[in-house]
Amino acid sequence: MSVRVRFAPSPTGHLHVGGARTAIFNWLFARRHGGTFIIRVEDTDQARSTRESETMVLEDLRWLGLQWDEGPDEPGPHTPYRQSERTDHYGAVAQQLLASGHAYRCFCSEEMLEAKRKQAEAEGRPPHYDLTCFRLSPQEISAKLNSWAPFALRFHVPDDGDVTIDDLIRGEVTWKKESLGDFILVRSDGLPTYNFSVVADDHEMEITHVIRAEEHLTNTHRQVLIYRAMGWDVPQFAHVSLILGPDRSKLSKRHGATSVSQYADDGFLPEAMVNYLTLLGWSAPDGRELFTTEYSIGHFSLDRVNSAPAVFDHQKLDWLNGQYIHSMTAAELLPRVRPFFDAPWLEEGIELVKTSVTRLTEFHEALRFVREFTPAEVDRSFCEAIAADLRANGAPVDEGSYKAFVERLKTATGAKGKALFMPLRLALTGSEHGPELVRMIPLLQHASESDPMVLSPLQRVERCIG
RNA sequence: GGCGCAUUCGUCUAGGGGUCCAGGACGCCGCCCUCUCACGGCGGUAACACGGGUUCGAAUCCCGUAUGCGCUACCA
């Protein structure tokens, strides 16, 4: 049987990095096994879900470079892929559960339930449903029905409700039926709850492996019970641990950026993001930490996914992003940098400073010296020597002419080493720090020819002289 | 409270009974390279939560304790 996995985001905002990692693991697993990767939007929470959020989540996934085979915008054999549009699919299942006695109508109001819960808790009992409506006689039920009393559909936990699963990441996990109370399948407004729709959809979409966040682990108990009641095969489960903030609590907004779009805005490359997120929980068999998606697709397996939660480490992300930027060519980087900063001489500029940058947003600052020049205090005669040479020979435009330029300057000023290069750097950039002069001076010359905002080396030296 | 999951350097992790006085990566510190800043190279710092078992032998298996997290909703 071929692998079919799904990522099931609820559209309540931008894609969270935790969700992104879950999506990546699903995607890697599907690609590794030549399977199908499905996006299914879980929007049954009417109060919080929006179509705008769905669009954003899909955009975020696309930015990361994940492609799905079936989804809300990618028709497949199980269209639609939006739960709010699948209500008729759930009706039949609900009917069957009701008819087979696995579920019953519950007429209790939310207020009543709340009161019962509070009382149970006060008396030290588990806050489970008290079975009032389970015990209703057929006469009582038809009476309620005839009076148009609203009802929800509730699942009855059977006597043999103990469940054991063999989780692909955590091994055997067992629950006793006592830990569960009868739970809602269909709300009184007719919409299914998550635990119900997820089972109906996963079954109908022929999902073979459910790879999702750990917070769903205990829900699996309920879901397996529904599979059993319907006589359906149970898929394999793999529960991925949570991503934590520096204080080891679940990563949230107060820890800083949590949505992938924010990382895009902050100048991270999607390749680095995917690499980092993959590394957060999974490790390559040969221990490498920098890898392409081709590599991780070729080597991904769930038994190398760590079951312990992981702290999101911004420093390592920075390092990784820097590694990607350093190893890319200026031509490759060019279109990536443009949204953040642009200039006619950008490609040469990127080449000059890329090793000092860790995020795309930093190119602007790293290249600021090209357009902004503040003369520094430099020995006047030294500056005049530079100016004289530039006037006589023109500014260096490549490594060869730069070297010749430096040789002449050495002769003219008698300075060498630091005593030569420091005043030169200062005269041309106004700063004692910056990229290597051999490529910087030619850039300054080239940039001044194409960009009116840029002063040429000669103009700079002249300003130093005053 | 109940149930479940987790616990190796500050962080991400390797490790699935002896080859581990625990390996790699980020960070940090030092050295080298070097006109500076970076990059890069080299070296260093630093961990098996605790307590009992099982075993000739445990980071690795079992049981407790502690801590963290999750679920316990007509949220997903």
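Order of the sequence lines fixes the chain letters, A, B, ..., with proteins taken first and strands second; residue numbering starts at 1 for each chain.
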Legend entry - A/Asp167 CG - B/C5 P separation (whole Å): 10 Å
Legend entry - All side-chain contact (heavy atoms from CB on, under 4.5 Å) counterparts of A/Asp389, not counting sequence neighbours: A/Asn393, A/Phe405, A/Arg408
Legend entry - Those residues that, when tested against A/Arg371, pass salt bridge (charged side-chain N to carboxylate O under 4.0 Å, His left out) (two or more places apart): A/Asp451
Legend entry - A/Ala387 versus A/Leu458, closest heavy-atom pair with distance: O-CD1, 3.8 Å
Legend entry - 5' precedence on RNA chain B between A/Glu172 and A/Ala310 (nearest-nucleotide basis): A/Glu172
Legend entry - Whole angstrom value for the distance that separates C1' of B/C26 from CG of A/Leu290: 11 Å
Legend entry - Length of the CD-P vector between A/Glu178 and B/G4, whole Å: 11 Å
Legend entry - Distance-only side-chain donor-acceptor flag, A/Thr329 / A/Lys354, under 3.5 Å: no
Legend entry - Distance, rounded to the nearest Å, where A/His255 contributes NE2 and B/U11 contributes C1': 14 Å
Legend entry - Check: A/Phe237 ring centre within less than 6.0 Å of A/His216 ring centre: no
Inset, instruction - Remember a base hit wins even if backbone is also touched, and classify A/Arg212 as base, sugar-phosphate or nothing at under 4.0 Å, heavy atoms. - result: nothing
Inset, instruction - Identify the nucleotide, in any strand shown, that forms a Watson-Crick or G-U wobble pair with B/A66, with both distances under 3.5 Å; if there is none, say none. - result: B/U7
Legend entry - Whole-Å gap separating P (B/U7) and CD1 (A/Ile169): 13 Å
Inset, instruction - Write down the distance between CG (A/Asn306) and P (B/G16), rounded to a whole number of angstrom. - result: 14 Å
Inset, instruction - Quick one: label A/Thr174 by what it contacts on the DNA or RNA (base, sugar-phosphate, nothing), any heavy atom closer than 4.0 Å. - result: sugar-phosphate
Legend entry - C1' atoms of B/U36 and B/C21, separation to the nearest Å: 44 Å
Inset, instruction - Could you check which nucleotide pairs with B/G2 in any of the strands shown, counting Watson-Crick or G-U wobble with both distances under 3.5 Å? - result: B/C71
Inset, instruction - Go ahead and name the base partner of B/U34; Watson-Crick or wobble counts if both distances stay under 3.5 Å, otherwise write none. - result: none
Legend entry - Mate of B/C21 where both pairing distances stay under 3.5 Å, Watson-Crick or G-U: none
Inset, instruction - Would you kindly give the CD-to-P distance between A/Gln315 and B/U11, to the nearest whole Å? - result: 12 Å
Legend entry - B/G4 to B/C62 separation - P atoms, rounded to the nearest Å: 15 Å
Legend entry - Interatomic distance at C1', B/U13 relative to B/U60, whole Å: 16 Å
Inset, instruction - Give a yes/no on whether any side-chain N or O of A/Arg21 is located under 4.0 angstrom from OP1 or OP2 of B/C12. - result: no
Inset, instruction - Hey, could you give me each pair passing salt bridge (charged side-chain N to carboxylate O under 4.0 Å, His left out) that has a residue in residues 309-331 of chain A? Not counting sequence neighbours. - result: A/Glu289-A/Lys316, A/Asp318-A/Arg359
Inset, instruction - Output yes when A/Lys403 and A/Glu399 qualify as a salt bridge under the 4.0 Å nitrogen-oxygen rule, no when they do not. - result: yes
Legend entry - side chain to side chain donor-acceptor pair (under 3.5 Å) partners for A/Thr174, two or more places apart: A/Thr164
Inset, instruction - Could you encode protein contacts along nucleotides 34-47 of chain B as a string, one character per nucleotide from 5' to 3', using B for base contact, S for sugar-phosphate-only contact and - for no contact, with a heavy-atom cut-off of under 4.0 Å? - result: -BBBBSS-------
Inset, instruction - Using a heavy-atom cut-off of under 4.0 Å over every strand shown, decide if A/Gly322 touches base, sugar-phosphate, or nothing. - result: nothing
Inset, instruction - Compute the ring centroids of A/His156 and A/Phe134, then answer whether they are less than 6.0 Å apart. - result: yes
Inset, instruction - Hey, which sits more toward the 5' end of RNA chain B by its nearest nucleotide, A/Trp175 or A/Lys316? - result: A/Trp175
Legend entry - Side-chain donor/acceptor contact of A/Glu121 with base of B/G1 under 3.5 Å: no
Legend entry - A/His221 NE2 - B/C5 P separation (whole Å): 13 Å
Legend entry - Inter-nucleotide C1' distance (B/G24, B/G1), Å rounded: 43 Å
Inset, instruction - Before accepting this row, confirm whether a basic side-chain N of the pair A/Arg380/A/Glu384 lies closer than 4.0 Å to the acidic partner's carboxylate O. - result: yes
Inset, instruction - Scan every strand shown for a Watson-Crick or G-U wobble partner of B/G43, both distances under 3.5 Å, and answer none if you come up empty. - result: B/C29
Legend entry - Contact state string [nucleotides 62-76 of chain B, B base, S sugar-phosphate only, - no protein heavy atom under 4.0 Å]: ------SSBSSSBBB
Inset, instruction - In whole angstrom, give me the gap between the C1' atoms of B/U7 and B/C75. - result: 29 Å
Inset, instruction - Tell me whether the guanidinium CZ or amine NZ of A/Arg6 lies under 6.0 angstrom from the six-membered ring centre of A/Phe37 and within 45° of its axis. - result: no
Inset, instruction - With P as the reference atom in both, quote the distance from B/C56 to B/U11 in angstrom, rounded to an integer. - result: 37 Å
Legend entry - Same-atom distance (C1') from B/A66 to B/G51, integer angstrom: 10 Å
Inset, instruction - With C1' as the reference atom in both, quote the distance from B/G16 to B/G41 in angstrom, rounded to an integer. - result: 35 Å
Inset, instruction - Give none if B/A59 has no partner; otherwise give the nucleotide forming a Watson-Crick or G-U wobble pair with it, both distances under 3.5 Å. - result: none
Inset, instruction - Cation-pi check, A/Arg105 to A/Phe151: give yes when NZ or CZ is under 6.0 Å from the six-membered ring centre and within 45° of the ring axis, no otherwise. - result: yes
